[in-house]
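Heavy-atom basis, side chains included; hydrogens, waters and symmetry copies ignored. All residue numbers refer to positions in the sequence shown, counting from 1.
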Amino acid sequence: MKSSSHIKCYPQVCDVTEYEVGGCDVLEPGMLTTVQDDGHWGLQNTGIPVSVAMDQQALALGNLLVGNEEGVAALEITLFGPRLAFTIDALMAVTGVDMGLQVDGHDILAWTAILVRTGSVPSMTGFTGAGCRAWLCVAGGIDVPDVLGSRSTLLRVALGGFKGRALRTGDSLHLRPLTQQVRRLDGFSCPVGLRPQYTVDAPVLPGPQAESLTPGTRQAFLDATWTVSDASDRMGCRLEGPQLALGHGADVISEVIPEGAVEVTGSGLPIVMLADRQTTGGYVKPFVVASAALGWLAQRRPGDSVRFRMCSRDDAREMLEKQSSARKELTRLQAIWRQRHAGGTLHLTVNGVRHVVEWQDVTSLEADHEHGS
């Protein structure tokens with residue numbers, strides 16, 4: 001037994017709390033904050049849009065940071081973020097564009113899992129780089145009802161999410177209590193090399209009606225610098241610029257609209273169809289944006305410039321494989337992090353009050369301390 005003078009203290013090794021039930025209250029909602037996940041699949045034949053998170057890679061990586069499955073529901077934040085008051089301990093991470101995350105007025109790194117204590121107030125001061133959207137992921141996900149196999153919000157028809165709408169001041173979101181295993185991820189960060197890049201041109205492939213544009217008009221589309229319109233939303237990114245000449249008009253027999261399809265309307269201006277796009281449409285689609293680049297396009301703000309470049313199917317497939325590799329690597333790093341932060345949970349009842357005693361193995365901490373002394 002060591003004497004008292006040799007006993008070392010390690011902060012946050014033991015955490016004793018009463019059994020928690022709660023979530024977070026919305027103090028300020030932000031401009032447009034909605035619940036989104038990996039969407040409704042298998043329902044497009046009934047007219048239900050997929051309605052996924054606008055940047056599925058950012059959502060997936062954020063969920064992995066806090067120990068969730070990749071497609072779990074999170075808060076999608078547009079232009080400026082909410083201010084929330086947590087009524088339960090939570091593990092959270094913000095991915096996508098850096099929106100100046102703070103907790104109780106202290107700057108917090110994005111792309112990092114952070115343990116937020118009961119009573120803490122996360123807020124966002126505004127984006128600090130290129131982009132306009134972020135995803136706030138919490139361990140266990142945002143607990144809203146599952147509607148047609150998804151918790152995503154389809155705003156146009158008030159379907160799913162939190163009451164079918166964006167968050168408002170006074171709303172309360174339910175969160176699941178943390179386990180000790182999840183708490184160990186506090187401080188776990190996504191390496192920069194695994195994060196999406198938001199500063200490249202958008203690659204496109206030939207679309208279903210590639211021949212609807214003359215070779216000269218197709219090249220004009222690629223040569224132009226387009227401007228994101230104020231009318232852009234989750235349904236589509238509307239672009240302003242030179243009018244494209246259509247040899248046989250803009251209309252075709254209505255058919256399925258793939259995600260990323262570049263529709264050219266009768267005005268000669270393109271719309272890139274995004275997460276909340278309708279399931280069918282009757283405009284020509286001479287190009288389709290590569291799936292892996294849609295997150296980049298979703299980060300364009302009104303007034304931003306957009307340029308396109310042709311790519312091959314092999315190029316598009318390689319970009320998807322790179323994103324998949326990033327998710328696999330973050331999963332591998334998460335497993336290593338968990339091993340280095342071993343601990344456990346003990347449930348106790350004292351005088352009728354239930355407590356959760358959480359402990360952490362500090363052997364590695366002591367070894368590091370002695371090595372450094």
Side-chain angles (χ1 to χ4, degrees), residues 12 36-38 52-72 74-77 81 90-103 106-116 122 124-125 127-141 178 181-203 290-299 315-343 360 364-365 368:
Q12 298 182 359
Q36 304 293 345
D37 63 9
D38 56 359
V52 297
M54 289 282 275
D55 184 344
Q56 297 176 58
Q57 182 75 352
L59 172 71
L61 294 174
N63 273 321
L64 291 174
L65 284 174
V66 296
N68 294 338
E69 296 295 323
E70 295 178 4
V72 168
L75 295 182
E76 182 174 280
I77 300 161
L91 187 74
M92 58 171 277
V94 176
T95 59
V97 68
D98 187 349
M99 285 201 172
L101 175 64
Q102 293 187 337
V103 175
H106 300 287
D107 292 339
I108 302 295
L109 291 175
W111 294 92
T112 302
I114 300 296
L115 180 60
V116 180
M124 299 181 192
T125 59
F127 49 79
T128 59
C132 65
R133 288 185 171 91
W135 287 264
L136 191 157
C137 302
V138 294
L178 288 178
Q181 185 179 24
V182 170
R183 287 175 185 259
R184 293 175 205 161
L185 292 174
D186 181 26
F188 178 52
S189 181
C190 179
V192 174
L194 301 183
R195 304 174 191 178
Q197 302 299 312
Y198 298 127
T199 56
V200 297
D201 294 344
S291 298
L294 290 172
W296 173 87
L297 196 61
Q299 291 290 1
D315 292 336
R317 188 177 297 111
E318 183 179 347
M319 286 185 282
L320 284 175
E321 290 173 351
K322 184 177 180 180
Q323 288 186 341
S324 176
S325 296
R327 298 192 299 272
K328 291 177 181 177
E329 177 63 10
L330 190 62
T331 301
R332 186 186 72 84
L333 295 175
Q334 182 202 94
I336 295 173
W337 181 277
R338 287 180 186 271
Q339 291 175 357
R340 292 180 178 177
H341 295 76
Q360 180 180 333
S364 59
L365 296 176
D368 290 343

Step-by-step side-chain hydrogen bond (donor to acceptor under 3.5 Å, both in side chains) determination, R338 to Q334: CA-CA 6 Å; R338 287 180 186 271; Q334 182 202 94; 3.2 Å; yes

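- With C190 as the fixed residue, the side-chain contact (heavy atoms from CB on, under 4.5 Å) test singles out one of L333, L64, L65: L65.
- Considering every non-hydrogen atom in both V182 and A139, the closest pair reads CG1-CB, 3.4 Å.
- Separating the CG atom in L101 from the CG atom in L136 is a distance of 7.5 Å, to the nearest 0.5 Å.
- Although no hydrogens or angles enter the test, the distance criterion places no donor-acceptor pair under 3.5 Å between the side chain of Q36 and the main chain of A74.
- Distance check, rounded to the nearest 0.5 Å: NZ of K322 to CZ of R327 gives 13.5 Å.
- Distance check: D98 CG to L109 CG gives 8.5 Å after rounding to the nearest 0.5 Å.
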Worked check of side chain to side chain contact (heavy atoms under 4.5 Å, CB included) between S291 and L320: CA-CA 7 Å; S291 298; L320 284 175; 4.1 Å; yes

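- Annotation for P196 and Q57: closest pair CG-CG, 4.0 Å, computed over non-hydrogen atoms.
- Distance CG/D315 to CZ/R317: 10.0 Å, rounded to 0.5 Å.
- With a 4.5 Å cut-off on side-chain heavy atoms, M124 and V94 count as touching.
- Under the side-chain hydrogen bond (donor to acceptor under 3.5 Å, both in side chains) rule, N63 has a single partner from T95, D37, N68, which is N68.
- Side-chain contact between F188 and L330 is present, with at least one heavy-atom pair separated by less than 4.5 Å.
- At least one side-chain heavy atom of W111 sits less than 4.5 Å from a side-chain heavy atom of L61.
- Across all non-hydrogen atoms, the minimal contact from A110 to R195 is O-NH2, 4.4 Å.
- In this structure, the side chains of P122 and Q102 stay at 4.5 Å or more apart for every pair of heavy atoms.
- Taking the side chain as every heavy atom from C-beta outward, L91 and L185 approach each other to under 4.5 Å.
- Counting heavy atoms from C-beta on, the side chains of E70 and D38 never come closer than 4.5 Å.
- Side-chain atoms of M99 and I77, non-hydrogen and from C-beta on, do get closer than 4.5 Å to each other.
- In this structure, E321 has no salt bridge (Lys or Arg N to Asp or Glu O under 4.0 Å) partners at least two apart in sequence or on a different chain.
- Using a 4.5 Å heavy-atom threshold, the side chains of L178 and L115 count as touching.
- M319 and P203 make their closest contact through CE-CG, 3.6 Å (heavy atoms, listed as atom of the first residue, atom of the second, distance).
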From CA spacing to verdict: side chain to side chain contact (heavy atoms under 4.5 Å, CB included), R133, D55: CA-CA 9 Å; R133 288 185 171 91; D55 184 344; over 6 Å; no

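- Annotation: the span from Q56 atom CD to Q323 atom CD amounts to 9.0 Å, rounded to 0.5 Å.
- Closest approach of F127 to V97, counting heavy atoms only: CB-CG2, 4.2 Å.
- The nearest pair of heavy atoms linking W135 to Q299 is CZ3-NE2, 3.6 Å.
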